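As the structure lists them, so they are numbered: ligands from 1, and atoms in each ligand from 1. Sequence positions, counted from 1, serve as the residue numbers for this chain. Being a predicted model, the structure only gives us computed values, none of them experimental. FYI, side chains are in, hydrogens and waters are out, and symmetry mates aren't considered; it's all heavy atoms of this structure.
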Amino acid sequence: MTTSLVRFAPSPTGYLHIGNARPALFNWLFARRHHGRFLLRYDDTDIARSKPEYAEAIAEDLGWLGIVPDQVIWQSQRLAIYDAVAERLRAAGRLYACYETPDELDRRRKRQLARGLPPIYDRAALKLTAEQKAAFEAEGRKPHWRFLLEAREVAWDDLVRGPSHVDCASLSDPVLVREDGSYLYTLPSVVDDIETGVSHVIRGEDHVTNTAVQAQIFEALGASLPVFGHHNLLTTASGEGLSKRLGHLSLRGLRDSGVEALAVAALAVLVGTSDAVRPVASLDELAGLVDLAHVSRAPAKFDEHELEALSARTLHQMPFAAVADRLAAIGVAGGEPFWLAVRGNLTKFDEAKLWWQVVAGAITPVIADPAFAAKAAELLPPEPFDGTSWKSWTQAVSAATGAKGKGLFMPLRQALTGLDHGPELAALLPLIGREKALKRLAGESA
Ligand code: GLU
């Protein structure tokens with residue numbers, strides 16, 4: 001059995017945000033679902049804009065989401081391979097030298113538009129003679145290189161969009177190599193997809209046209225096509241595109257704001273579906289819910305409030321094993337009983353610290369009726385406390401004082417926690433313990 005290989009291919013020119021985390025997740029979840037492998041490929045051929053610190057941040061942010069690549073490659077280390085392939089394409093007549101300046105191209109485009117023609121590159125460079133090229137070079141011009149497209153329709157069966165096609169006759173021959181010899185993304189991507197054996201290319205629908213162009217490059221290189229899938233793009237709630245500059249929707253911005261990674265992952269891929277409102281317990285569970293064939297083709301609208309709500313619900317059902325290390329890291333002990341007692345009251349994970357303070361630290365009790373508190377202290381059962389201690393204690397306090405309902409529970413909550421809301425006291429009381437409870441009922445900070 002051949003296993004599938006997918007790749008996530010970010011350019012390390014900025015931080016990942018919720019929008020570009022989606023192809024990472026769609027690929028990762030696809031790999032989980034199909035027992036495939038996941039390649040992280042840094043598309044860093046743009047040396048001016050690519051930065052190692054962004055690459056590091058991308059790996060870290062993916063790790064936060066729970067994505068750990070099986071393999072990592074850097075395009076900047078593979079230039080000799082691309083050079084050799086570009087040579088093959090030149091020799092085959094599919095990559096041709098062009099000498100137009102951006103200004104010249106612009107003027108030509110405007111003329112075409114003025115005459116009602118589509119602004120497609122006119123292939124004037126194909127007609128240049130050796131002498132004309134030599135003259136340009138003598139002037140100091142260096143060529144950029146275009147791929148000669150065949151004027152035909154490219155069709156594929158898209159994992160998300162179903163049968164798809166693009167007519168390449170309506171496209172300009174794409175520039176693959178810049179004047180300075182550096183590569184645009186188009187060719188290295190194909191070369192690497194072939195060389196690494198990528199079986200499925202899953203990316204945003206902004207790449208649909210690239211797919212048609214790249215399909216022709218695959219074929220020109222004698223390679224068979226991978227399977228393609230193009231997911232919808234994320235917009236803000238009001239329908240605008242997300243830009244890299246939206247710092248607070250960067251994955252690190254979301255992490256710093258205390259949103260759960262699992263909620264980010266779930267909402268990123270389920271947004272717009274009925275599954276988007278319920279929390280998942282793991283990426284594996286999420287993988288079971290995401291079928292590319294069912295991803296909507298309409299733009300996916302991202303709402304931060306929805307994310308916050310999902311994040312809270314994710315915490316409310318999170319098992320202790322999933323948070324044990326994180327609790328230890330913020331200095332919260334108390335183990336599973338503490339976690340189960342408080343998780344339902346958290347909107348952000350860090351709030352566990354507050355409840356740990358209530359349970360194990362010192363608080364200032366609120367005592368409105370000292371006589372009531374003294375009576376309650378008298379009736380507090382001996383330790384050990386268990387899950388029933390609260391009930392038997394409050395029944396005894398009710399019988400002795402006549403207090404009921406809120407009049408019974410609120411003064412006890414205020415005395416024991418200093419607050420008038422919080423987790424179930426039946427769960428908190430055994431964690432607070434008898435000694436602390438007696439001091440607090442006596443009005444002492446403890
Ligand atoms: N570097 C490209 C991008 O970030 C990769 C697209 C692709 O997956 O092929 O858009």
Numbered atoms and elements of ligand 1 in range of Ser11, under 4.0 angstrom, heavy atoms
1 (N)
Could an N or O of ligand 1 be found under 3.5 Å from any N or O of Ala9, whether backbone or side chain?
yes
Please check if the distance between the ring centroids of Phe320 and Trp339 is under 6.0 Å.
no
Can you tell me which residue and heavy atom of the protein come closest to atom 10 (O) of ligand 1, and the distance to 0.1 Å?
His207 NE2, 2.9 Å
Within 4.0 Å of some non-hydrogen atom of Arg203, the atoms of ligand 1 are 7 (C), 8 (O), 9 (O)
Between Phe8 and Trp28, is the gap from one ring center to the other below 6.0 Å?
no
Side-chain heavy atoms of Thr211 within contact of Val166, under 4.5 Å
no
Looking only at distances, can you tell me whether any N or O atom of Tyr185, backbone or side chain, sits closer than 3.5 Å to an N or O atom of ligand 1?
yes
Check each atom of ligand 1 against the heavy atoms of Asp43 and keep those under 4.0 Å away; list them by number with element.
1 (N), 2 (C), 5 (C)
Salt bridge between Glu53 and Lys51, side-chain N to carboxylate O under 4.0 Å?
no
I'd like to know if Arg7 contacts ligand 1, where contact means a heavy-atom distance under 4.0 Å to any ligand atom.
yes
Only one of Asp192, Asn27, Asp193 passes side-chain hydrogen bond (donor to acceptor under 3.5 Å, both in side chains) with Arg7; say which it is.
Asp193
I'd like to know whether the aromatic ring centres of Tyr185 and His207 sit less than 6.0 Å apart in this structure.
yes
